[in-house]
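All chains are named by letter (A, B, ...) in the order of the sequence lines, taking the proteins before the strands, and each is independently numbered beginning at 1.
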Number of protein chains: 2
Amino acid sequence: MPDRKRVPELPIRTAVANEDGIDFTLIELFFFAYRDFTSDPDEMLADYGFGRAHHRVLHFVNRRPGLTVAELLEVLKITKQSLARVLKQLIDTDHIVQLQGPRDRRQRELYPTAKGRALALALARPQSRRIHTALQDVGAEGRALVEGFLNAMVNPELRAQIDAPPRNHE
Amino acid sequence: MPDRKRVPELPIRTAVANEDGIDFTLIELFFFAYRDFTSDPDEMLADYGFGRAHHRVLHFVNRRPGLTVAELLEVLKITKQSLARVLKQLIDTDHIVQLQGPRDRRQRELYPTAKGRALALALARPQSRRIHTALQDVGAEGRALVEGFLNAMVNPELRAQIDAPPRNHE
DNA sequence: AAAATATGTCAGTACTATTGACATATTTTT
DNA sequence: AAAAATATGTCAATAGTACTGACATATTTT
């Protein structure tokens, strides 16, 4: 009868490389790049008692002023319960205002205030600077290519949403 | 005497574009790209009762077998209390084993098991496929450029860490 | 008038992260 | 040899972001 006690599994001492056609290099780089990309605004947000979720809401409300709560949930892919606390805080602190929908009065259109616009720009500034620097390192023709790459990384179903150009409202 | 009651802030109805030299397009794309990039493994991990943190630990232990707990904390930039639960679960489920450091017996070297290696590869597969497809859309010469871009997005202090090629241990 | 929709809210839970405090084993310094 | 520093582990409390499920209200559609 075999030993049913716990046999320690054997350690594998060889590193995974880019084997099996798996691109570990870019997987890892993407992780580091995104982490550092979000680190600058994260630090600034802490001063307001805000987190990354507030940034995202603020970003999209500034990009698509007048979007409804439902549209925002759709873009962010979160539930309304998750949004509730964050949105309430942004409204209470006068970064965002809600207006009753003109056609459908059940809807709440979301707009940034001057304060909310200013914060969104302040948060985006270091991120944009980082991107700009990274693109310089890569040559001028790189921008279109990087944009194409990032775009192709997004699920196809969602691309329509993204391509929708930010519009001014009413 | 001015009204001290709450005056509703005025809504701004114009969308932020890529004004002030701020690259909102790429900021937004980077957000969507990373979200979808992590969505495939996230779904798989749910089947194990694991989260994204488990994935990251598994990834780096497979990439740098034999790294110590302190080295792992340094790479992930989290605290040992955050790591504790996740690492314990991975050890209890035989995805990772700990060996006493040969030189310094206080250290715990972390190694993947066959099971842990298999899971790491399974999680990386859809991510790699996504990257591969995105690169195809962008042309063959694009890969080096994308790698350069992502690399330049990382904080310079950390680049040494990344460039350290995954090594086989002992 | 009834059903569907848009929003808001309450309650409970999970995951990942934090800080602070303390314990143990081991190595380094004095 | 004793003291200090280091590597790891663990306990407790807290925060931020997310989830599901349930229910309430106002409004629009059927």
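The pair A:Glu71-A:Arg64 does not meet the salt-bridge criterion, since no charged nitrogen lies less than 4.0 angstrom from a carboxylate oxygen. With respect to the salt-bridge test (charged N to carboxylate O, under 4.0 angstrom), the residues A:Asp23 and B:Arg143 qualify.
Taking the six-membered ring for Trp and the full ring otherwise, the centers of A:His54 and A:Tyr48 sit at least 6.0 Å from each other.
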Pairs: protein N or O with nucleotides 12-16 of chain C N or O, under 3.5 Å:
unit_1, atom_1, unit_2, atom_2, d
C:dT16, OP1, B:Gly51, N, 3.4
C:dT16, OP1, B:Arg52, N, 2.9
C:dT16, OP1, B:Ala53, N, 3.2
C:dT16, OP2, B:Arg85, NH1, 2.9
C:dT16, OP2, B:Arg85, NH2, 2.7

Distances for protein N or O near nucleotides 1-6 of chain D N or O, under 3.5 Å:
unit_1, atom_1, unit_2, atom_2, d
D:dT6, O2, B:Arg106, NH1, 2.5

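For C:dA25, the OP1/OP2 oxygens have no side-chain nitrogen or oxygen of B:Arg105 closer than 4.0 Å. For C:dT18, the OP1/OP2 oxygens have a side-chain nitrogen or oxygen of B:Thr79 closer than 4.0 Å. Applying the 4.0 Å criterion to OP1 and OP2 of C:dT7, one finds that A:Gln98 has every side-chain N and O outside that range.
The separation between B:Leu73 atom CG and C:dA17 atom C1' is 13 Å, rounded to whole Å. Per the geometry, CG belonging to B:Leu45 stands 16 Å off C1' belonging to D:dA18, to the nearest Å. For the pair A:Leu72 CG and C:dG8 P, the interatomic distance rounds to 11 Å; values are reported in whole Å.
Heavy atoms of other residues, nucleotides or ligands lying less than 6.0 angstrom from NZ of A:Lys77 number more than 12.
Applying the 3.5 Å distance criterion, the base of D:dG21 shares a donor-acceptor pair with the side chain of A:Gln81.
Not one N or O on the side chain of B:Lys115 forms a donor-acceptor pair closer than 3.5 Å with the backbone of B:Ile96. Remark: side-chain polar atoms of A:Arg130 are paired, donor with acceptor, to backbone N or O of B:Met153 under 3.5 angstrom.
B:Phe24 and A:His59 have tilted rings, their planes meeting at an angle from 30° to 60° on a 0 to 90° scale.
Note on B:Lys80: a base of the nucleic acid sits closer than 4.0 angstrom, heavy atoms only.
Relative to the six-membered ring of A:Tyr111, B:Arg13 meets both conditions, a distance below 6.0 Å and an angle of at most 45° to the axis.
Nucleotides of DNA chain D nearest to A:Lys77 and B:Gln107 differ in position, and the one nearer the 5' end is that of B:Gln107.
In the region residues 117-127 of chain A, proximity to DNA chain C at under 4.0 angstrom, judged on heavy atoms, holds for none of the residues.
Comparing D:dG9, D:dC19, C:dT26 against the side chain of A:Ile78 picks out D:dC19 as the nearest.
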